[in-house]
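Below is the structure I would like to discuss, written out as structure tokens.
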Amino acid sequence: MNKHEAEQEIQRLSELIEKHNYNYYALSQPSISDYEFDKLLEQLIKLEKEFPELVKSDSPSQRVGGYITKEFKQVKHRYPMLSLANTYSEEELNDFDERVRKVVGDEVEYVCELKYDGVAISLTYKNGMLHQAITRGDGTQGDDITTNAKTIRSIPLKLQGQDYPQEFEMRGEVYIPLKVFERINKEREDAGDEPFANPRNSASGTLKMQDSAEVARRKLDSTLYYILGEHIPFQTHFDSIQGTKKWGFKVSEHAELVKNMKGVHEFIIKWDKKRHDLPFDIDGIVIKVNSFRHQQMLGLTAKSPRWAVAFKYQAERAATTLNSISFQVGRTGVVTPVANLKPVLLAGTIVKRATLHNADNIKKLDLRIGDTVWVEKGGEIIPKITEVDLSKRKNDAVPVEFPTHCPECNTILIRRDGEAQHICPNELNCPPQIKGKIEHFIGRRAMNIESMGNETIDLFYQAGLLHSIADLYDLTVEKIIPLERMAEKSATNIIEGIEASKNVPFEKVLFALGIRHIGETSAKKLAYHFKSLDALEKATTEELLNVSDIGEVVANSIQEFFNDSLNKKIIERLREKHLKFALGSDEMALFSNILEGKSFVVSGVFSKFSRDELVSLIEKNGGKHVGSISSKTSYIIAGENMGPAKADKAKKLGIPIITENEFIKMIETN
Ligand code: IVH
């Protein structure tokens, strides 16, 4: 394909992909399968790799991320981002209606919408293209999160139709659908990390991540509900919803136009029941005056518009008795308190347990066994105890003491400085830790030993055959066949499954080792960066921090892991059994040592490669990527918008500044 043909094909694919994207997100009418969609995107990405000079800033390939934002730029809002006044009762709502009618007269229509429980975002469009995405911040200025916002599929990069203003702002909410939230938390637990408390927290945390590829993986969603600008072609809010939907936005799909307060109340009652069936969280509804002319007459206060109000649903709560507290020990030794409750009906499900998080939380609640407690299911999926009903406390109620010793193995618990959790340090002999580590190791996304399950692990553990992940590779059919319920067929399957796991690639082995805070993604990053377990083991803190998205907590945890004598022994035993402790030779073929001894600073915005790709090219070819310029820096690869301070410093130190093309030539010519 020549360049001209490629250009046309890229254009065709981009338009097709955005069209399908629009059908899926804005219209909720998928026009192809996810598989076909991914294929189209793959085709586009492949072509763009071949012709990097043809990549546009609004290309749908941006949706997969891969750009690193080291620091989010602060941007002033063109129009301040206000909040909404809250109401909690019918009376308060009627007061709002009265205030409105005093100003605009009796003929007032309202639009009722859901109040999305996420993170407010402002999107600026120029000439039909997404120009900038900013968080709310303090209302006057927020963070520029454009790169991350581009990975959100329901945010159009390029608008449909022609009748949009040359420049305008769309506001709305970014949130994490409940299903995705559950998946993310599952992954966090897999990595031994504390799960997010609720979808809202995880959405705001995700928007501020440095690696946009990770943001893309988190699958955020959005709904937009407010247009701002000089030449808006609508007279009413309701028309603006229909109109902006045609341009490609995912808008308040459950919005309704009502004639009076009766309609508003009906809407509230309807959604009080139905809100639990939504695939995302809402925390109330929003009532807006429909006519823009009326909105102008009403105006704004310093904090919020006078033409809109929020109605908040009471978080659903129920009172019940705290029967006891269990202390559960996880595979990394973290001890989590869980409340056992007298079963109670809450938001349609029977609740028997509630998480208590940690010792501080128990103290804050001042819990006693036998207390009557209030259980709430707000944004959270896991119910939590919010309050003790002190009027019902019995005189002899005993305060809850956090155990000083592990409930499973009786070892003295420790609590590290600055950490909220108690940990059982007895990795070697604490049963749930031993079994938990093995369960993690054999998991589908780790060593994938399908022939074994948690029950088999328990059986082998009870029989004294399995004490660590290394013991797995000493098992034989002869050893396990005498065990209860163990048929010859399943025994053979198990041993074959374990044998087959020796071919699992290095990055999965690294994940399987269960190093605290190392999830699937960070395991991959570390594997590609260091290429072997030996190199990772020898890495200094500084070298670890050079890997994108590896922070101090993770770096410490890696070093702690390798310094542990027990882990050293396990690793040696696994090495003897020939598990893959390094990247394979075919993977290594992509690498060279051409850049060895050279260090690079990557700065600015690039057109052919993403920052991440450049960094990975540096690393794959033996070079070192560093965050800031020093006299030791060999080259600066500069894209557009490199900061003037950096350019000055480079000049002063006499460090050569090269373009991405020159960098590529450097790898190629060698
Ligand atoms: S309209 C001038 N509509 O709630 C404010 N806001 O508590 C215009 N929110 O800051 C906002 N759903 O982040 C509007 N359908 C909706 C909303 C909504 C959620 C958020 C928004 C706002 C906050 C106020």
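Whatever order the structure lists them in is the order used to number ligands and atoms, beginning at 1. A quick note: this is a predicted structure, and the numbers were derived from the prediction, not measured. All residue numbers in this chain count up from 1 along the given sequence.
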- Verify whether one side chain among His131 and Thr124 offers a donor that lies under 3.5 Å from an acceptor in the other.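 Their side chains do not contain a donor-acceptor pair, so the 3.5 Å distance test is not met.
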
- Message: So if I only count non-hydrogen atoms and take anything under 4.0 Å from ligand 1, which residues does that give, chain by chain?
- Response: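 Within 4.0 Å of ligand 1, the protein residues are Leu82, Leu84, Glu113, Leu114, Lys115, Tyr116, Ala120, Arg136, Glu173, Tyr225, Tyr226, Val286, Lys288, Pro305.
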
- Would you kindly check if the NZ (Lys) or CZ (Arg) of Arg611 is within the cone defined by 45 degrees around the ring axis of Phe606 and under 6.0 Å from the six-membered ring centre? no

Report, one line per pair, each donor and acceptor closer than 3.5 Å where one atom sits in a side chain of residues 173-180; sequence neighbours left out.
residue	atom	partner	partner atom	Å
Glu173	OE1	Tyr225	OH	2.5
Glu173	OE2	Gly118	N	3.4
Tyr175	OH	Thr223	OG1	2.8

- Task: Can you see which heavy atom on Glu552 is nearest to which on Leu545, and at what distance?
- Result: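 Nearest pair, atom of Glu552 first, then Leu545: N-CD2, 3.7 Å.
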
- Examine Arg275 relative to Tyr313 and say whether NZ or CZ is less than 6.0 Å from the centre of the six-membered ring and inside a 45° cone about the ring axis.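 Yes.
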
- Message: For the backbone of Ser33 and the side chain of Glu36, can you confirm whether one donor and one acceptor N or O come within less than 3.5 Å of each other?
- Response: yes

